[in-house]
Amino acid sequence: MPLEIDLSGCRVLVTGGSQGIGRGLAFGFAEAGAEVVVNDISAERADAVAGELRERGGRAVAAVFDVTDYAAVGRAVADAGAGAVDVLINNAGNAGAEGWGSGRARFVETEPTDWERYLQINLYGVMNCAHAVLPSMISRGWGRIITIVSDAGRTGDPGMAAYSAAKAGAAGLTRALAIETGRYGITINNIALGTMRTPATEGMWTDIDHPRVKQTLQRYVVRRPGKPEDVAPLAVFLASQQAEWITGQTYPVNGGFSFAL
Ligand code: NAP
């Protein structure tokens with residue numbers, strides 16, 4: 001049986017959707033027929049992506065809010081501009097440049113203030129968005145939440161302890177929510193990424209011959225960094241009706257970086 005996924009009746013909210021992985025997800029969902037709500041803190045970039053999707057014949061609107069602002073998330077989701085969200089993609093996050101640059105620091109050298117920004121966006125951002133969309137999903141008896149986490153949260157990443165903790169926390173949160181909401185026709189899963197080439201990690205690729213970059217890529221069975229378009233096929237499938245019996249799971253998309261469950 002061919003796997004044909006049609007999300008034409010779905011409204012999908014992609015947080016941090018204006019660049020990198022979020023942008024790839026926005027395009028992937030639009031191609032599957034969904035209406036895409038492109039969230040970001042950058043109005044200019046969110047508008048640009050929504051405009052590009054419309055130019056290609058898709059349905060898309062921009063929604064500018066900060067996922068770490070609980071009240072703003074609630075207002076945006078309640079707003080007619082966003083409307084009822086059928087599929088929430090928690091993508092906004094921030095390891096990126098900090099992870100590969102000056103922010104990579106041993107835990108004992110960091111302060112609670114250093115941890116806060118990782119926990120805010122990668123964990124509280126996910127909580128805020130899930131809390132905003134779930135009541136409507138529960139009352140409508142259908143919904144999907146997919147959270148973009150990281151190998152850092154599965155295996156731990158030295159020098160990125162707070163990020164690793166925040167991503168592991170987000171994965172744990174969504175597992176608990178999967179149990180709470182499965183009876184309402186809602187599935188909630190995580191996609192754990194390896195190293196991806198996005199604006200957040202661009203600094204890493206400027207010196208492809210750097211020993212640390214080479215060492216990192218050698219850990220990938222598929223010898224290349226991930227691309228934003230590597231993520232959408234799995235996300236679209238998890239959002240589909242065909243995936244209704246799959247919930248509470250974490251799926252690696254990581255070029256074979258690690259095989260641990
Ligand atoms: P990215 O290039 O930095 O894109 C993230 C987008 O989210 C940016 O447009 C960013 O805006 C926006 N954003 C930041 N804070 C926000 C907030 N509070 N509310 C709404 N939007 C916000 O990152 P990426 O590399 O595509 O990463 C996307 C996700 O994948 C993250 O959750 C990340 O942790 C995860 N991930 C990435 C990698 C990787 O190697 N890239 C690996 C594993 C997991 P600004 O640019 O203005 O901040």
Side-chain angles (χ1 to χ4, degrees), residues 7 10-32 34-54 56 58-69 72-73 76-77 81-82 85-99 117-118 120-126 128-130 132-133 144-150 152-153 163 166-167 170-171 174 189-202 225-239 251 253-254:
L7 298 180
C10 282
R11 177 175 276 156
V12 181
L13 168 61
V14 181
T15 69
S18 82
Q19 67 176 31
I21 293 152
R23 185 175 191 279
L25 287 164
F27 276 77
F29 276 97
E31 275 164 27
E35 177 182 356
V36 182
V37 181
V38 183
N39 156 258
D40 212 279
I41 43 176
S42 163
E44 195 184 337
R45 290 199 315 256
D47 279 336
V49 171
E52 262 186 85
L53 293 175
R54 287 194 299 271
R56 291 170 167 231
R59 291 171 300 138
V61 292
V64 180
F65 59 88
D66 179 341
V67 297
T68 70
D69 181 339
V73 173
V77 168
V85 172
D86 301 299
V87 179
L88 165 65
I89 310 292
N90 287 308
N91 166 76
N94 72 345
E98 296 98 330
R117 62 195 167 133
Y118 296 108
Q120 277 297 333
I121 183 165
N122 294 295
L123 181 54
Y124 279 93
V126 175
N128 292 340
C129 293
V133 301
R144 301 280 187 264
I145 298 179
I146 298 161
T147 299
I148 304 300
V149 294
S150 169
Y163 176 71
K167 288 299 196 188
T174 54
N189 292 287
N190 305 302
I191 297 178
L193 301 180
T195 305
M196 315 292 291
R197 187 162 190 166
T198 69
T201 57
E202 203 45 52
K227 297 180 281 190
E229 54 270 35
D230 289 327
V231 189
L234 177 58
V236 165
F237 171 67
L238 290 173
Y251 293 101
V253 173
N254 66 5

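By convention here, the first residue in the shown sequence is residue 1.
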Indicate yes or no for a side-chain donor-acceptor contact from [X] to the backbone of [Y] under 3.5 Å, with no hydrogens or angles considered.
X	Y	answer
D230	G226	no
D69	D66	no
N39	F65	yes
N122	K167	no
N190	V149	no
T15	N91	yes
T195	P225	no
R54	A60	yes

So which atom in [X] and which in [Y] form the shortest heavy-atom distance, rounded to 0.1 Å?
X	Y	result
A232	L25	CA-CD2, 3.8 Å
N128	V73	O-CG1, 3.7 Å
C10	V87	SG-CG2, 4.4 Å
V37	A63	CG1-CB, 3.5 Å
V67	C129	CG1-SG, 3.8 Å
I21	M196	CD1-CG, 3.7 Å

Do [X] and [Y] have side chains that get closer than 4.5 Å, going by heavy atoms?
X	Y	result
E52	F27	yes
R56	E31	yes
N94	R117	yes
L123	Y118	no

Quick one: side chain to side chain contact (heavy atoms under 4.5 Å, CB included) partners of P228, sequence neighbours excluded?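 Scan of P228 (side chain to side chain contact (heavy atoms under 4.5 Å, CB included), adjacent residues dropped) gives T198.
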Yes or no on side chain to side chain contact (heavy atoms under 4.5 Å, CB included) for V14 and V38, after CA distance, side-chain angles and deciding distance? CA-CA 5 Å; V14 181; V38 183; over 6 Å; no
Just how far is it from atom [atom1] of [X] to atom [atom2] of [Y], taken to the nearest 0.5 Å?
X	Y	atom1	atom2	answer
T68	I121	OG1	CD1	7.0 Å
F29	I89	CZ	CD1	3.5 Å
Q19	E202	CD	CD	10.5 Å
N189	F237	CG	CZ	9.5 Å

Check the pair R45 / D40 against salt bridge (Lys or Arg N to Asp or Glu O under 4.0 Å), numbers first and verdict last. CA-CA 8 Å; R45 290 199 315 256; D40 212 279; 3.4 Å; yes
Residue from V36, V85, N90 passing side chain to side chain contact (heavy atoms under 4.5 Å, CB included) with L13: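 Between L13 and the candidates, side chain to side chain contact (heavy atoms under 4.5 Å, CB included) is satisfied uniquely by V85.
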Run through I191, L88, V236 and flag the one making a side chain to side chain contact (heavy atoms under 4.5 Å, CB included) with I146.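 With I146 as partner, side chain to side chain contact (heavy atoms under 4.5 Å, CB included) holds for just one option, I191.
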